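This is a predicted model, so every value here is computed, not measured.
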Number of protein chains: 2
Amino acid sequence: MNNICEIKHSNEEAVLEVKSKMPDSEIIEKTAECFKILGDITRMKILVAISQRELCVCDLSALLRMSQSAISHQLRILRNTNLVRFRREGKSVYYSLADQHVLKLIEMGIEHAKE
Amino acid sequence: MNNICEIKHSNEEAVLEVKSKMPDSEIIEKTAECFKILGDITRMKILVAISQRELCVCDLSALLRMSQSAISHQLRILRNTNLVRFRREGKSVYYSLADQHVLKLIEMGIEHAKE
DNA sequence: TACTAATATGAACATTTGTTCATATGAACA
DNA sequence: TGTTCATATGAACAAATGTTCATATTAGTA
């Protein structure tokens with residue numbers, strides 16, 4: 001057991017109908033991947049912070065009271081998934097949200113959390 | 001080093017301004033927690049599937065070609081976080097999305113992933 | 001060029017997480 | 001009541017993840 005054959009009587013019609021309507025597996029995986037990135041407290045705090053105003057790494061480090069290294073690692077992940085944009089100004093690097101779409105996703109999440 | 005004091009010159013104004021505008025830490029944590037639940041491929045597939053039509057555990061098991069146990073564990077997590085509702089009908093338990101809000105979140109995520 | 005500030009990154013480690021395996025619970029039916 | 005089907009759940013284990021520590025890179029400045 002412990003494989004698929006353990007299931008005896010699934011409703012084949014329903015399964016086939018849903019299967020035909022499902023988005024591509026690749027899309028679903030990308031969606032989950034995106035939510036996973038949003039699903040970390042440090043990253044979410046960073047995103048909420050820079051949604052208010054562009055901030056540099058050391059601002060974020062001070063704001064969240066976390067090491068520069070920890071912040072920087074998380075920013076890298078946010079960069080790699082195109083959730084933030086950044087620009088260099090002298091020695092500092094300033095981060096902001098990638099676009100309005102990301103902002104809306106976060107706002108919706110906060111809405112839901114407030115309920 | 002490796003503590004907050006490593007930061008010498010954060011822009012205090014900016015930090016204080018953002019800090020005053022940040023939602024409660026608890027809200028941010030709940031938001032991240034919600035996204036984290038959405039951030040798993042199996043759970044996302046389940047949610048997308050039942051967004052089309054109510055399905056029972058064995059339907060989901062057949063559809064996703066995963067063990068009943070694995071599906072059931074994930075459904076428990078989705079139940080505990082109020083992302084799905086369920087009803088018993090004889091020996092089967094049918095799952096569907098908790099509400100329109102959850103549907104919209106998922107749809108927005110898919111939108112973003114398609115870009 | 002040497003030095004310092006700001007940021008980035010690799011390796012290691014502890015923690016979290018998802019699946020499997022085994023078993024329990026709950027409902028229908030003989 | 002005993003059996004079977006559908007689902008739920010606890011324990012264990014492997015894989016993924018976030019932080020720390022140490023160090024590298026990049027830019028400004030003496």
At under 4.0 Å, does any side-chain N or O of [X] touch on OP1 or OP2 of [N]?
{"X": "B:Ser67", "N": "C:dT20", "result": "yes"}
{"X": "A:Arg79", "N": "C:dT7", "result": "no"}
{"X": "A:Ser92", "N": "D:dA27", "result": "no"}
{"X": "B:Gln68", "N": "C:dT20", "result": "no"}
{"X": "A:Tyr95", "N": "C:dA8", "result": "yes"}
{"X": "A:Arg88", "N": "C:dA6", "result": "no"}
{"X": "B:Arg76", "N": "D:dG10", "result": "yes"}
{"X": "B:Lys91", "N": "C:dT25", "result": "no"}

Does a side-chain N-to-carboxylate-O contact under 4.0 Å join A:Lys21 and A:Glu17?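 A salt bridge links A:Lys21 with A:Glu17.
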Of A:Asp40 and A:Glu89, whose closest DNA chain D nucleotide lies nearer the 5' terminus?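 In this pair, the answer is A:Asp40.
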Pick the nucleotide of DNA chain D nearest each of A:Gly39 and B:Val93; which residue has the one closer to the 5' end?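 Residue closer to the 5' terminus by nearest nucleotide: B:Val93.
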Starting at atom [atom1] of [X], determine the distance to atom [atom2] of [N], rounded to an integer number of angstrom.
{"X": "A:Ile71", "N": "C:dT7", "atom1": "CD1", "atom2": "P", "answer": "11 Å"}
{"X": "B:Arg87", "N": "D:dT7", "atom1": "CZ", "atom2": "P", "answer": "12 Å"}
{"X": "B:Leu75", "N": "D:dA8", "atom1": "CG", "atom2": "P", "answer": "7 Å"}
{"X": "A:Ile77", "N": "C:dA8", "atom1": "CD1", "atom2": "C1'", "answer": "13 Å"}
{"X": "B:Lys36", "N": "C:dG18", "atom1": "NZ", "atom2": "P", "answer": "9 Å"}
{"X": "B:Ile46", "N": "D:dA8", "atom1": "CD1", "atom2": "P", "answer": "11 Å"}
{"X": "A:Arg65", "N": "D:dT20", "atom1": "CZ", "atom2": "P", "answer": "13 Å"}
{"X": "B:Leu78", "N": "D:dT9", "atom1": "CG", "atom2": "P", "answer": "13 Å"}

Which part of the nucleic acid, if any, lies within reach of A:Ser72 when heavy atoms closer than 4.0 Å are counted: base, sugar-phosphate only, or nothing?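 Base, at least one base heavy atom under 4.0 Å.
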Students often get this wrong, so: under 4.0 angstrom with heavy atoms, is A:Tyr94 touching a base, only sugar-phosphate, or nothing?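 It contacts nothing in the nucleic acid.
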Give a yes or no on whether B:Leu75 and B:Ile41 share a hydrophobic cluster (residues Ile, Leu, Val, Met, Phe, Trp, Tyr; joining criterion: side-chain heavy atoms under 4.5 Å apart).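 Each belongs to a different hydrophobic cluster.
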Hey, any chance A:Met66 and A:Met44 share a hydrophobic cluster, counting ILVMFWY side chains that come within less than 4.5 Å of each other, even indirectly?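 Same hydrophobic cluster.
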Heavy-atom count check: over 12 atoms from other residues, nucleotides or ligands less than 6.0 Å from B:Glu115 CD?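 Yes, because the 6.0 Å sphere around CD of B:Glu115 holds more than 12 heavy atoms from other groups.
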Kindly say whether B:Ile77 contributes a backbone atom to a donor-acceptor pair with the side chain of B:Asn80 at under 3.5 angstrom?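 Side chain of B:Asn80 to backbone of B:Ile77, a donor-acceptor pair under 3.5 Å: no, none is there.
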Would you give me the side-chain donor-acceptor pairs under 3.5 Å for residues 103-112 of chain B, sequence neighbours excluded?
from: B:His112; atom 1: ND1; to: A:His101; atom 2: ND1; distance (Å): 3.4

Check whether any side-chain heavy atom of B:Glu29 lies under 4.5 Å from a side-chain heavy atom of B:Glu26, and answer yes or no.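 No - every pair of side-chain heavy atoms lies 4.5 Å or more apart.
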Taking side chain as C-beta onward, heavy atoms only, is B:Lys45 less than 4.5 Å from A:Ser25?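 The answer is yes, as the side chains (C-beta and beyond) meet within the 4.5 Å cut-off.
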From C-beta outward on A:Val57, which listed nucleotide comes closest to its side chain: C:dT7, D:dT19, C:dG18?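 Among C:dT7, D:dT19, C:dG18, the one nearest the side chain of A:Val57 is C:dT7.
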Quiz item: A:Ser69 side-chain donor-acceptor pair to C:dT7 base, under 3.5 Å: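 No, no donor-acceptor pair under 3.5 Å.
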With both pairing distances under 3.5 angstrom for Watson-Crick or G-U wobble, and | for a partner in another strand, the correct string for DNA chain C is ||||||||||||||||||||||||||||||
ring centroid sep under 5.5 Å plus plane angle under 30, A:His73 with C:dT9: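 According to the criterion (under 5.5 Å, under 30°), yes, A:His73 stacks.
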